[in-house]
A.B. asks: 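Questions regarding the structure given below will be posed in turn.
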Amino acid sequence: MKKLILAFLIVPLFLVYSQTPDTIVVNTNRIKGFGPFPMSVSPLKTMDKDNPWINSIPEIKGLPNDYSKMLFCTEQTDFRQHTYQSYFNNKISEELYNGCKSSWGWEPKSNEFTKDFVKVDIAILAYNDSLGNIKVKLDRNNNYDLSDDEWYTIPPKLLGQNFWGRYNDLLPIEVEYELFDGYEIKKCTTWIYIDIFPFAYNIKSGENNKLELSYAFAEHYFGEFNFNNEKYSLALKGSRAAIRNDYKIKVWRNETKDKQSGFDEGVGENELIRIGDFYYKVINAA
């Protein structure tokens with residue numbers, strides 16, 4: 001369960017009523033899928049040997065002796081924890097670490113992150129088989145060993161079907177990962193959706209063709225609350241499974257269809273969102 005606090009600012013559209021709350025606390029539950037948010041995917045890529053992050057990738061067992069023609073990578077459920085522990089365990093340089101802090105506007109606190117090793121990496125292996133099918137294997141139990149995981153086939157593209165119309169909530173694969181919550185390292189689960197990269201649909205399958213895949217963490221959080229005697233819904237979506245500062249929220253009155261407003265990504269932390277005749281600042285998703 002996530003708790004989101006919306007802090008009240010004196011920016012009403014009309015007048016400030018004395019009964020209007022200064023803060024609204026919304027408890028949410030985790031749900032599979034993208035919910036009211038537009039589906040956003042990122043490319044899966046094998047990391048080059050000269051990449052400055054290469055030493056931060058943990059050892060993954062169960063790989064074939066030769067996987068040079070396969071796509072192998074790891075994706076992080078909590079990239080900020082990954083960055084923090086990588087720096088303090090001498091896996092990335094101080095220059096790279098400081099560059100991340102600067103570009104993210106991030107000053108990590110020791111009570112939010114740990115120097116201990118947290119299993120935030122999800123190993124992914126994929127290839128084209130002799131029939132042109134795309135086979136994918138994920139480290140679903142987060143033991144950093146792919147030998148006990150099964151292959152599955154990405155559904156082929158149907159005639160006339162575009163990328164954005166392929167998704168349904170049965171496709172994401174559930175995986176385990178570890179999360180440091182400020183007190184302890186605990187086990188969690190999330191869902192990863194893997195598909196052909198949207199702009200790679202004209203590439204023919206085959207051993208000699210470059211395999212281009214995309215991924216997304218397919219989960220969001222949902223909660224309801226009352227405001228001025230009306231019922232509202234709230235949805236929250238992070239860029240990764242661990243909710244840090246890079247999340248978006250949407251709020252809508254239950255009687256309306258506002259949540260289906262096109263490709264609107266929602267509002268981020270410290271931004272304003274309108275609820276009724278008032279604006280609230282979004283803070284403290286924890």
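Given the structure is predicted, the values throughout are model-derived calculations rather than measurements.
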A.B. asks: Could you state the interatomic distance from CG (Leu63) to CG (Leu125), rounded to the nearest 0.5 Å?
C.D. replies: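 One gets 6.0 Å once the value is rounded to the nearest 0.5 Å.
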A.B. asks: Is it true that atom NZ of Lys32 has more than 12 heavy atoms of other residues, nucleotides or ligands lying nearer than 6.0 Å?
C.D. replies: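 Buried by this count: over 12 neighbours within 6.0 Å.
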A.B. asks: Is the backbone of Asn229 close enough, under 3.5 Å, to the side chain of Asn226 for a donor and an acceptor to pair up by distance?
C.D. replies: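 Answer holds: no.
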A.B. asks: Assess whether atom CD of Glu184 is packed by more than 12 heavy atoms of other residues, nucleotides or ligands within 6.0 Å.
C.D. replies: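 Yes - once you tally the heavy atoms of other residues, nucleotides and ligands closer than 6.0 Å, there are more than 12.
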A.B. asks: Assigning hydrophobic clusters by single linkage (Ile, Leu, Val, Met, Phe, Trp, Tyr; side-chain heavy-atom cutoff under 4.5 Å), is Phe113 placed with Phe88?
C.D. replies: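 Yes.
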A.B. asks: To the closest 0.5 Å, what do you measure between OH (Tyr193) and CG (Leu171)?
C.D. replies: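 If we round to the nearest 0.5 Å, Tyr193:OH and Leu171:CG are 5.5 Å apart.
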A.B. asks: State whether a side-chain donor-acceptor pair under 3.5 Å links Asp169 with Tyr167.
C.D. replies: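 Their side chains do contain a donor-acceptor pair, which is all the 3.5 Å distance test asks for.
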A.B. asks: Between atom CZ of Phe180 and atom CG of Asn111, what is the distance when rounded to the nearest 0.5 Å?
C.D. replies: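 Here the interatomic distance stands at 8.0 Å.
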A.B. asks: Give the minimum heavy-atom separation between Pro43 and Phe197, together with the two atoms involved.
C.D. replies: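 Residues Pro43 and Phe197, closest heavy atoms: CB-CE1, 3.6 Å.
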A.B. asks: With the threshold set at 4.0 Å, does a side-chain nitrogen-carboxylate oxygen contact exist between Arg140 and Glu174?
C.D. replies: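 Between Glu174 and Arg140 there is no salt bridge, as every charged N stays at least 4.0 Å from the carboxylate O atoms.
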A.B. asks: Minimum heavy-atom separation for Ile122 to Ile192, with atom names?
C.D. replies: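 Heavy-atom minimum between the residues: CG2-CD1, 3.8 Å.
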A.B. asks: Flag the pair His220 / Phe34 as yes when at least one side-chain heavy-atom distance between them is below 4.5 Å, and no otherwise.
C.D. replies: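 The answer is no; the side chains never approach within 4.5 Å.
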A.B. asks: What are the two closest non-hydrogen atoms of Thr46 and Met70, and how far apart are they?
C.D. replies: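 Heavy atoms only, the tightest pair is OG1-O, 4.0 Å.
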A.B. asks: Quick one: do the Thr190 and Arg240 side chains pair a donor with an acceptor below 3.5 Å?
C.D. replies: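 Arg240 and Thr190 do not have a side-chain donor-acceptor pair below 3.5 Å.
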A.B. asks: Kindly work out whether a path of hydrophobic side-chain contacts (I/L/V/M/F/W/Y, heavy atoms less than 4.5 Å apart) joins Phe72 to Leu138.
C.D. replies: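 No, because Phe72 and Leu138 fall into different hydrophobic clusters, even though each may have its own neighbours under 4.5 Å.
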A.B. asks: Thr83 and Phe79: side chain to side chain contact (heavy atoms under 4.5 Å, CB included), yes or no, with the steps?
C.D. replies: CA-CA 6 Å; Thr83 302; Phe79 197 72; 3.6 Å; yes
A.B. asks: With no hydrogens and no angle check, is any side-chain donor or acceptor of Asn89 less than 3.5 Å from a backbone partner on Lys91?
C.D. replies: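 Answer holds: no.
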A.B. asks: Hey, are Lys248 and Glu265 close enough for a salt bridge, meaning a charged N less than 4.0 Å from a carboxylate O?
C.D. replies: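 Result for this pair is no, no salt bridge flagged.
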A.B. asks: Look at the rings of Phe225 and Tyr232 and say which category their plane angle falls in: under 30° parallel, 30 to 60° tilted, over 60° perpendicular.
C.D. replies: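 The arrangement is parallel - the two ring planes meet at less than 30°.
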A.B. asks: If we ignore angles and hydrogens, is there a donor and acceptor under 3.5 Å between the side chains of Thr153 and Asn133?
C.D. replies: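 Result is no, nothing qualifies.
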A.B. asks: Rounded to the nearest 0.5 Å, how far does NZ of Lys61 lie from CG of Leu146?
C.D. replies: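 If we round to the nearest 0.5 Å, Leu146:CG and Lys61:NZ are 12.0 Å apart.
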A.B. asks: Under 3.5 Å, side chain of Asp195 to main-chain N/O of Ile154, donor-acceptor pair present?
C.D. replies: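 A pair under 3.5 Å: no.
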A.B. asks: Counting C-beta onward and ignoring hydrogens, is there a side-chain heavy-atom pair between Thr74 and Gln76 closer than 4.5 Å?
C.D. replies: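 Yes. Closest side-chain heavy atoms under 4.5 Å.
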A.B. asks: Are Leu213 and Ile60 co-members of a hydrophobic cluster defined by side-chain heavy atoms under 4.5 Å apart?
C.D. replies: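 No, no single cluster joins them.
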A.B. asks: Would you check if the side chain of Asp48 reaches a backbone N or O of Asp50 as a donor-acceptor pair within less than 3.5 Å?
C.D. replies: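 No.
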A.B. asks: Quick check on Glu224: does its CD atom have over 12 non-hydrogen neighbours (other residues, nucleotides or ligands) under 6.0 Å away?
C.D. replies: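 Counting neighbours around CD of Glu224, more than 12 heavy atoms of other residues, nucleotides or ligands fall under 6.0 Å, so yes.
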A.B. asks: So Thr28 and Phe222, do their side chains get closer than 4.5 Å, heavy atoms only?
C.D. replies: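 Answer no - side chains too far apart.
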A.B. asks: Could you tell me the separation between the CD1 atom of Ile243 and the CD atom of Glu219, rounded to the nearest 0.5 Å?
C.D. replies: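 Here the rounded value is 6.5 Å.
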A.B. asks: Please step through side chain to side chain contact (heavy atoms under 4.5 Å, CB included) for the pair Ile194 and Tyr152, ending with a clear verdict.
C.D. replies: CA-CA 11 Å; Ile194 295 179; Tyr152 75 91; 3.8 Å; yes
A.B. asks: Which is it for Tyr221 and Tyr247 under the side chain to side chain contact (heavy atoms under 4.5 Å, CB included) test, yes or no, and what are the steps along the way?
C.D. replies: CA-CA 11 Å; Tyr221 290 80; Tyr247 60 84; over 6 Å; no
A.B. asks: Would you please test Trp104 and Arg80 for side chain to side chain contact (heavy atoms under 4.5 Å, CB included) and show each step?
C.D. replies: CA-CA 10 Å; Trp104 300 339; Arg80 298 198 181 198; 4.0 Å; yes
A.B. asks: Measure across Ile275 and Tyr280 and return the closest heavy-atom pair with its distance rounded to 0.1 Å.
C.D. replies: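 The pair with the smallest heavy-atom distance is CD1-CD1, 4.1 Å.
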A.B. asks: Looking at Thr77 and Val120, would you say the former's side chain and the latter's main chain have a donor-acceptor pair under 3.5 Å?
C.D. replies: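 Present.
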A.B. asks: Do Tyr127 and Lys69 have side-chain heavy atoms sitting under 4.5 Å apart?
C.D. replies: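 Tyr127 vs Lys69: side chains apart.
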A.B. asks: Tell me whether Trp191 shares a hydrophobic cluster with Ile173, the cluster being built from Ile, Leu, Val, Met, Phe, Trp, Tyr side chains joined at under 4.5 Å.
C.D. replies: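 Different clusters.
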A.B. asks: Does Lys187, at its NZ atom, have more than 12 non-hydrogen atoms belonging to other residues, nucleotides or ligands within less than 6.0 Å?
C.D. replies: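 Check passes, neighbour count above 12.
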A.B. asks: Within the structure provided, determine whether Lys281 and Asn270 are in side-chain contact (heavy-atom separation under 4.5 Å).
C.D. replies: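 They are in side-chain contact.
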A.B. asks: So, the side chain of Gln81 versus the backbone of Leu179: is there a donor-acceptor pair under 3.5 Å, distance only?
C.D. replies: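 Pair absent, no side-chain N/O of Gln81 close to backbone of Leu179.
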A.B. asks: Give me the atom names and distance for the closest heavy-atom approach of Cys73 to Leu71.
C.D. replies: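 Smallest interatomic distance, heavy atoms only, reads SG-CD2, 3.8 Å.
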A.B. asks: So, do Trp252 and Pro36 sit near enough that their side-chain heavy atoms are less than 4.5 Å apart?
C.D. replies: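 A side-chain contact exists here, since the closest heavy-atom pair is under 4.5 Å.
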A.B. asks: For the residue pair Trp53 and His82, establish whether any side-chain heavy-atom pair is separated by less than 4.5 Å.
C.D. replies: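 Yes, side chains in contact.
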A.B. asks: Among the clusters formed by ILVMFWY side chains lying less than 4.5 Å apart, do Tyr67 and Ile124 turn up in the same one?
C.D. replies: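 No, no single cluster joins them.
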A.B. asks: Taking the six-membered ring of Phe37 (Phe, Tyr or Trp), confirm whether the NZ or CZ of Lys237 is under 6.0 Å from its centre and within 45° of its axis.
C.D. replies: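 Verdict for Phe37: no cation-pi partner in Lys237.
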A.B. asks: Scan side-chain atoms only and decide if Tyr144 and Glu59 contain a donor-acceptor pair under the 3.5 Å cut-off.
C.D. replies: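 Judged by distance alone, the side chains do not pair up.
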A.B. asks: Heavy-atom distance under 4.5 Å between the side chains of Cys100 and Tyr84, does that happen here?
C.D. replies: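 No - every pair of side-chain heavy atoms lies 4.5 Å or more apart.
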A.B. asks: Are the side chain of Glu75 and the backbone of Leu44 linked by a donor-acceptor contact shorter than 3.5 Å?
C.D. replies: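 Checked: no pair found.
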A.B. asks: Pro155 and Arg166: which non-hydrogen atoms are nearest, and at how many Å?
C.D. replies: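 Answer, listing the atom of Pro155 first, then Arg166: O-NH2, 2.7 Å.
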A.B. asks: Hey, what do you get for OG (Ser102) to OH (Tyr97), rounding to the nearest 0.5 Å?
C.D. replies: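 Answer for the OG-OH pair, Ser102 versus Tyr97, is 13.0 Å.
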